[in-house]
Structure formats: C-alpha cells, structure tokens
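Heads up, the thing below is written out as structure tokens.
All residue numbers refer to positions in the sequence shown, counting from 1. This structure is a prediction, so every number in the text was calculated from the model and none was measured.
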Amino acid sequence: MPLLPGVATFLTKAAEDFYPTGDRKAHLDAEISRMREAMSNDPKPSFVFVCTHNSRRSHFTRIWAGVVQYAVTGGSSPFMMESAGTEVTACNERTVASLERTGFEVVHPGETGNPRYLCRFADEAGTAPMKLWSKTLDDAAVVRPLIAVMTCSDADQNCPIVPGALVRARITYNDPKSSDDTPEEAQTYDERSAQIAGEMHYVFSRLLA
C-alpha cells in the first residue's frame, strides 16, 4: 500500500542514516526481546508511546511506528498504537510543522488549547489518518493490555508503573524542545524525527517479521 511520496522517501533515508550500531543497537535488541517476550503472553497488545507532556517525542514515535507497521504489513494494522503523557498539554505546533515538512498532510482543526490534528500518511483510499492530541495514560484512547514505550527519561522516572502494561520498554530520545525559538529549530526537529523514524523502522520491522 503506497505511502505518500514524501513520507516514503523520508522513511527510506532515515532507515539507512539511523540504522542502529554498537551500544544503541544492543540496547534496542534487548528492548525488542523484552517486547517479544511480553507478546508471547498476549500476541496483540496495543503500543503506547509515553513522554511527560505528550507533545513532541511521543508523537514522533507513535507516528513513525504506525507508518512502519503500515508499510511492512502492506496496509494492515495488527497493533493499535497511541501516544500519551503524564500531563496533558498539546501536540506541539513545531512537531506538526516538522511532520508537514516530512511529507505528511496534516489537517489543522483551528481549535485552541489541545487541538486534534489529523495526519494523513498514505495514498490508499479509506486509510484513516492518525489523530494527534495530548492525553494521559488514563484516557479512553489508551487500550489495555499494552506495551508502554517510554520515550523520555522524565516519564521513565516519574511513571514507574503503567497500569495494564505487559512491559515498559525504554527507548528514549533527546528533547528537540532545546532548540525552540532558535535558528536551529527546524533542523533539530527534523533530525529528531529522522532518528526516531529510522529506529522505529528497525524495531517494528523485527516485531512484525
């Protein structure tokens, strides 16, 4: 099933540029093993990507994991995927802008506060866009049992127990927020998105094999 051209090109390059090596590869392999072990007890858990504010890294990881799943399976969706945080804020507008630069088609709802964006990633008619908004782990959109993928160290430390989690996988990333309102802002967000895309390609290509 065809991805949007820009999304497909970005993912292919990210999978090459950010193919894990050394200690990072060893770490990801260990987390993949832990997730596979959890899936032996429940073969179709949902995946929930967690960072403190559910505004940047958790959205990038959820989006790219979903794109990889779609690409690897030919359009099916064996795993439900969502993102969440320990606090509700909003999907940061810089995250949305980076996704648009990548080739996603994003519908802006025009709401204030915590808008719900629709993120289209595929050409296939009937393929539902992904919905992006900030939520906590007790939101109805978070389906249990789940595999919790902790994408930031703060959430990993402050949320030691995730109710309904079969396992807490630790795949953390530096926060692109450090570049906000600087000349490097767009580059930093796009590089973090590419790193996450490449590593989610590595992880989910193996989990779905």
Which residue pairs pass the ring pair (Phe, Tyr, Trp, His ring centres under 6.0 Å) test with at least one member in residues 92-115, sequence neighbours excluded? W64-F104, H108-Y117

Which residues satisfy the ring-ring contact (aromatic ring centres under 6.0 Å, His included) test with F79, sequence neighbours excluded? F47

Heavy-atom donor-acceptor pair, K135 side chain to W133 backbone, under 3.5 Å: yes

Residue set satisfying salt bridge (charged side-chain N to carboxylate O under 4.0 Å, His left out) with K131, at least two apart, ordered chain then number -> none

More than 12 heavy atoms of other residues, nucleotides or ligands under 6.0 Å from CD of E87: yes or no? yes

Name all residues meeting the salt bridge (charged side-chain N to carboxylate O under 4.0 Å, His left out) criterion together with D138; count only those two or more places apart in sequence or in a different chain, and write none if there are none. none

Taking S46 for its side chain and V143 for its backbone only, find out whether a donor-acceptor pair lies under 3.5 Å. yes

Could you tell me the separation between the OG atom of S83 and the CG atom of N54, rounded to the nearest 0.5 Å? 4.0 Å

Side chains of D180 and T182 in contact at under 4.5 Å (non-hydrogen atoms): no

Hey, are the side chains of R116 and L132 touching, using non-hydrogen atoms and a 4.5 Å cut-off? no

Whether the E199 and Y19 side chains hold a donor-acceptor pair (N or O, under 3.5 Å, no angle test) is what I'd like checked. no

Residue pair R56 / Y189, side-chain donor-acceptor N/O under 3.5 Å: yes

Under the side chain to side chain donor-acceptor pair (under 3.5 Å) test, residues paired with R120 that sit two or more places apart: E105

Check this for me, if you would: do D181 and R94 make a salt bridge, where the nitrogen-to-carboxylate-oxygen distance has to be below 4.0 angstrom? yes

As an exercise, state the distance from CE of M200 to CG of L11, rounded to the nearest 0.5 Å. 11.5 Å

Show your reasoning for whether side-chain hydrogen bond (donor to acceptor under 3.5 Å, both in side chains) applies to Q187 and E191. CA-CA 6 Å; Q187 179 181 352; E191 287 179 350; 3.0 Å; yes

Distance check, rounded to the nearest 0.5 Å: T95 atom OG1 versus E100 atom CD? 11.0 Å

One should read off an interatomic distance between L4 CG and T127 OG1, to the nearest 0.5 angstrom, of 9.5 Å

Does a donor on one side chain sit under 3.5 Å from an acceptor on the other, for S134 and N114? no

Is there a donor-acceptor pair under 3.5 Å between the side chain of S55 and the backbone N or O of T89? no

Any chance you could measure L3, atom CG, to T9, atom OG1, to the nearest 0.5 Å? 9.5 Å

Counting only heavy atoms not in M39 (residues, nucleotides, ligands), do more than 12 fall under 6.0 Å from its CE? yes

Mind checking side chain to side chain donor-acceptor pair (under 3.5 Å) for R62 and listing every partner two or more places apart, or none if nothing turns up? none

